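Since the model is a prediction, treat every value here as computed from it, not as a measurement. Position 1 is the first residue of the sequence, and the numbers go up from there.
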Amino acid sequence: MTAAFAGAAERHGFDPARLAAIDRLLKDRYIVTGKLPNAQLLIARDGETVHFSHQGLAREGGAPIDETSLFRIASMTKPITSVAFMMLVEQGLVALDTPVHHVLPAFKGIGVYNGGGAGVPFAAKPTAEPMRMIDLLRHTSGLTYGFQNRSNVDAAYREGKIENWHGNLDLDGFVAALGALPLEFSPGTAWNYSVATDVLGAVVERVSGVTLDTFFTTRIFVPLKMDDTGFQVPADKTDRLTDCYTVAPGKGRTMLDRGEKSAWSRPPTLLSGGGGLVSTALDYQRFCQMCLNGGELDGARILGRKTLELMTQNHLPGGADLTTMSRSMFSEATNAGTGFGLGFAVTIDPVRSMMPGSKGEYYWGGMFSTAFFIDPVERLSMVFMTQVSPSSLYPIRRELKTMIYAAMT
């Protein structure tokens, strides 16, 4: 950490020595051991960066990462898609209680799984209530992800390759394929991490009349000066794209996507509002700061203050948390006290979460172990970048959050 950041840290109520200890943990526990290829940590308070560190190599045998390095942010795309949708709500073009099939007719008459699969035609029963836009935002839609490997429905997702960004389906074809399959549960009755935000991206396209990448660029990225964020890395920036790895049982860390030959250097067929973006820590921090500012940054108004307040409250039915409503992922005890808003997880009870923090902080992460959180009470945000999947490998997000709050004076 430079002397300039040390001074900013002290001005904004941080102990520079304790912040430096976070970098040592990242180095000793994750970089030196080879668990992570690299680690980039940006912490800001009151709109000023108080810590920005870079460790590890951008590419195998290459140069170290730096502030220009590009990372696949995966599900950190979801809050951006959710903001895009809420911009349309503010325009009066759609509402949270709008049935999804009013915008996407392929979902009209979609039912709930009631038997079948593995070569046997699906049987379905009617939903108790129609799927509404709020169900897409808070993951109570009944949709799922193929990689969950837990049901006949997600097996059908895999068989149809409907989540393949470089496959045969564009967003319209993706929606049509989902509409032909049953839901795992009736919308609003449970929580399941899913392709719901990809469907929300299709809604943004239909309602706005422009493609999702065009909407993002013109309505969010250009106003916020997020110049390095997009679904495809242009040719003049591919040298900045980091390598991406995965860890498989018995095989250790292996290359998943080389930066120099990356799939993200090609235009995707399916624009994934649930996980398709590449960005930098500095760009994503601008998005976080816009949220902390109540929807505005440097004179660019993206959302209204009350809209952000609505998005960052718990919207799970009955005030429930993830441990009680989740059907599979994120049902662990560590998610006690965590609700879900309109595109973000929301801390509703720090005591039950067993972690330092504030009621009302909101956050999410990506499958390649990237993460962010925003604490409106402390006027604090964090962006963490690396490139290894799955994100459940190590408790690094909890470690970072605990140490960041421990560094506050």
Original post:
Could you go step by step and tell me if E361 and K401 meet the salt bridge (Lys or Arg N to Asp or Glu O under 4.0 Å) rule?
Top reply: CA-CA 12 Å; E361 68 188 21; K401 188 167 180 283; 2.6 Å; yes

Subject >> Stepwise side chain to side chain contact (heavy atoms under 4.5 Å, CB included) check, K359 with V377 >> reply: CA-CA 8 Å; K359 181 178 180 180; V377 176; over 6 Å; no

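Looking at heavy atoms from C-beta onward, T242 lies in side-chain contact with R72 at the 4.5 angstrom threshold. Residues L96 and F85 form a side-chain contact, since some pair of their non-hydrogen atoms from C-beta on lies under 4.5 Å apart.
By the 30° and 60° cut-offs, the orientation of the rings of F52 relative to F5 is perpendicular. Aromatic ring pairs are classed by plane angle as parallel below 30°, tilted from 30° to 60° and perpendicular above 60°; the pair F373 and Y405 is parallel.
In this structure V120 satisfies the side chain to side chain contact (heavy atoms under 4.5 Å, CB included) test with no other residue, sequence neighbours excluded. For S279, the side chain to side chain contact (heavy atoms under 4.5 Å, CB included) partners at least two apart in sequence or on another chain are I73, T229, D283, Y284.
We find that R158 and D154 are joined by a salt bridge, their nearest charged nitrogen and carboxylate oxygen being less than 4.0 Å apart. Of the charged side-chain nitrogens involved, none lies within less than 4.0 Å of a carboxylate oxygen, so that R132 and D97 do not count as a salt-bridged pair.
When the options Y362, Y193, W364 are evaluated for a ring-ring contact (aromatic ring centres under 6.0 Å, His included) with F340, the one that passes is W364.
Here the shortest heavy-atom pairing between Y245 and P37 reads CE1-CB, 3.6 Å.
Here the straight-line distance linking atom OG of S141 with atom CZ of F107 works out to 8.0 Å at 0.5 Å rounding.
Geometric assessment of R327 against the ring of W191 yields a negative cation-pi assignment under the 6.0 Å and 45° thresholds.
If you look at F384 and F372, their ring centroids are not closer than 6.0 Å.
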